[in-house]
Amino acid sequence: MPVVAVIGAQWGDEGKGRMVDMLSEKADFVVRFSGGDNAGHRVVNPHGEFRLRLTPSGIFYPRVVSVIGNGVVVNPAVLNQEVDGLNARGIDTSRLRISDRAHLIMPYHIVLEGLEEKALGSKAIGTTLKGIGPAFADKTARYGIRVGDLLDKAVFRARLVTVLEMKNKIIAGVYSQPPLSLDEIYRQYCAYADRWAPFICDTTALLAGAIEKDQNILLEGAQGVLLDPDFGTYPFGTSSSPTAAGACQGAGIAPARLSKVVGVFKAYQTRVGAGPMPTELNDEIAATLRERGKEYGTVSGRPRSCGWFDAVAARLSVRVNGFTSVAVTRLDILDTLPQLKICTGYKLAGKTVNDFPASVAVLAKCRPVYEEMPGWQKPTGDIRLFKDLPVNARKYVKRLEELIGCPASHISVGQRREQTIVRKPIF
Ligand code: IMP
């Protein structure tokens with residue numbers, strides 16, 4: 001049963017796209033299962049450098065079927081742009097499939113999110129403003145419009161009439177903004193329907209057939225566990241579950257079919273958007289991590305908060321996902337640092353905290369307890385075997401493994417596919 005989920009184990013931007021791009025070599029199907037175009041999966045491969053927002057990172061391999069699963073919210077305008085961009089660079093996208101159950105991001109989602117974030121002022125979540133939260137809220141509230149609705153224009157129009165009337169009442173009545181035009185949205189989405197109809201299908205049936213044939217399926221996470229609506233730094237998080245359980249739900253695959261769950265951890269910590277990050281640094285080490293790691297939001301371009309690896313947060317991630325192994329990415333970014341720190345616990349009002357708190361108010365008061373380790377101050381980008389890493393780099397990885405209680409099957413030492421130390425293959 002080779003169904004493998006690749007999960008972002010921190011606050012997103014851990015290098016999932018890069019890992020999936022590499023692992024896709026042996027995959028038959030690669031499935032996005034959550035989020036939407038808030039994701040920005042940066043992939044560097046022989047075709048060049050890409051920033052994928054909706055398209056699964058398996059798209060570069062001719063044998064791979066790339067699936068946008070039911071758990072994703074799809075902005076068809078972004079999909080058009082992304083697929084056109086890939087085609088212009090010679091990438092064949094004919095094997096893309098889109099779940100008929102996935103929800104659509106509509107123009108009013110984006111308008112309303114902008115208005116809501118503005119209204120929150122200094123309390124804003126710092127979202128990517130792509131309409132993700134409002135689209136998932138509508139899905140749960142049962143006001144959503146699904147990709148499959150595009151296949152019958154009368155059904156789509158009737159649904160749009162009902163929902164838009166309600167949304168325009170909020171846009172005009174609450175925010176005093178001009179209402180959106182039904183005809184304009186209808187025309188625009190009919191054009192998307194014409195383009196995407198051949199790609200829309202019941203992807204759960206497609207994947208069930210693949211499981212039956214024992215084909216390799218990779219479930220590609222977006223965002224990270226610390227942005228999960230249940231386990232993350234609520235409300236400073238995203239609106240769908242980037243977890244292993246979310247992978248099953250968002251791909252339509254039964255949990256018992258999952259054979260491996262790989263958690264992707266950066267060798268240090270970053271986050272973008274509002275909300276506390278206990279190990280955040282505001283010194284020259286943060287500047288070094290940001291510049292060496294190019295730590296700027298892929299979608300928004302915002303500088304990311306940077307700091308030391310947080311094993312308290314990591315343990316929560318391991319606990320709720322049951323990782324069978326982890327991938328430690330960007331070890332090379334630490335190559336120049338003389339001294340490293342790992343956060344092993346928090347201090348709160350004189351007491352030690354070992355479990356990541358549910359409340360952001362509590363988390364904001366937690367102070368990290370650090371363990372120090374000497375750096376290795378040698379380049380690691382050309383190393384392909386664990387035993388060839390500098391001794392202090394090996395010690396650092398081993399200490400992370402001990403602290404989180406999970407073995408590292410992969411270690412990345414650069415952005416290119418081949419810059420990966422594979423200790424245990426996935427397929
Ligand atoms: P939203 O997902 O656009 O609603 O944004 C909610 C929060 O999740 C914000 O803090 C975003 O910065 C963060 N976020 C969303 N997608 C990503 C991602 O792909 N990487 C990192 N952070 C993300």
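Every number for a ligand or one of its atoms is a count from 1 in the order of the listing.
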For ligand 1, is there an atom lying under 4.0 Å from some heavy atom of Ala222? no
Tell me whether the rings of Phe50 and Phe60 are parallel (<30°), tilted (30 to 60°) or perpendicular (>60°). tilted
Can you find a non-hydrogen atom of Gln223 under 4.0 Å from ligand 1? yes
Only counting residues at least two apart or in another chain, list the ones meeting salt bridge (charged side-chain N to carboxylate O under 4.0 Å, His left out) with Arg302. none
Sub-4.0 Å atoms of ligand 1 with respect to non-hydrogen atoms of Leu227: 8 (O), 13 (C), 14 (N), 22 (N), 23 (C)
I need the contact type for Asn38 against ligand 1. Using non-hydrogen atoms and a strict under-4.0 Å cut-off, is it side chain, backbone, both or neither? both
Parallel, tilted or perpendicular: which fits the ring planes of Trp308 and Tyr370, with parallel below 30° and perpendicular above 60°? perpendicular
Looking only at distances, please establish whether an N/O atom of ligand 1 is found under 3.5 Å from an N/O atom of Lys130. no
Per-atom filter on ligand 1: closer than 4.0 angstrom to a heavy atom of Ala39 are 19 (O)
By ring pair (Phe, Tyr, Trp, His ring centres under 6.0 Å), Phe309 pairs with (sequence neighbours left out) Phe265
Arg417, Arg416, Arg42 screened by salt bridge (Lys or Arg N to Asp or Glu O under 4.0 Å) with Asp21, the one that passes: Arg417
Report the part of Glu14 (side chain from C-beta onward, or backbone N, CA, C, O) that has a heavy atom under 4.0 Å from ligand 1; answer both or neither where that applies. neither
Looking only at heavy atoms of Arg271, does any of them come nearer than 4.0 Å to an atom of ligand 1? no
Does Gly237 have a non-hydrogen atom less than 4.0 Å from ligand 1? yes
Contact partition for Trp11 relative to ligand 1, non-hydrogen atoms under 4.0 Å: backbone
Under the criterion side-chain contact (heavy atoms from CB on, under 4.5 Å), which of Gln10, Glu295, Met277 is the partner of Arg271? Met277
With only distance considered, is Thr127 within less than 3.5 Å of ligand 1 through an N or O on each side? no
Arg304 (side chain) donor-acceptor with Tyr296 (main chain) under 3.5 angstrom: yes
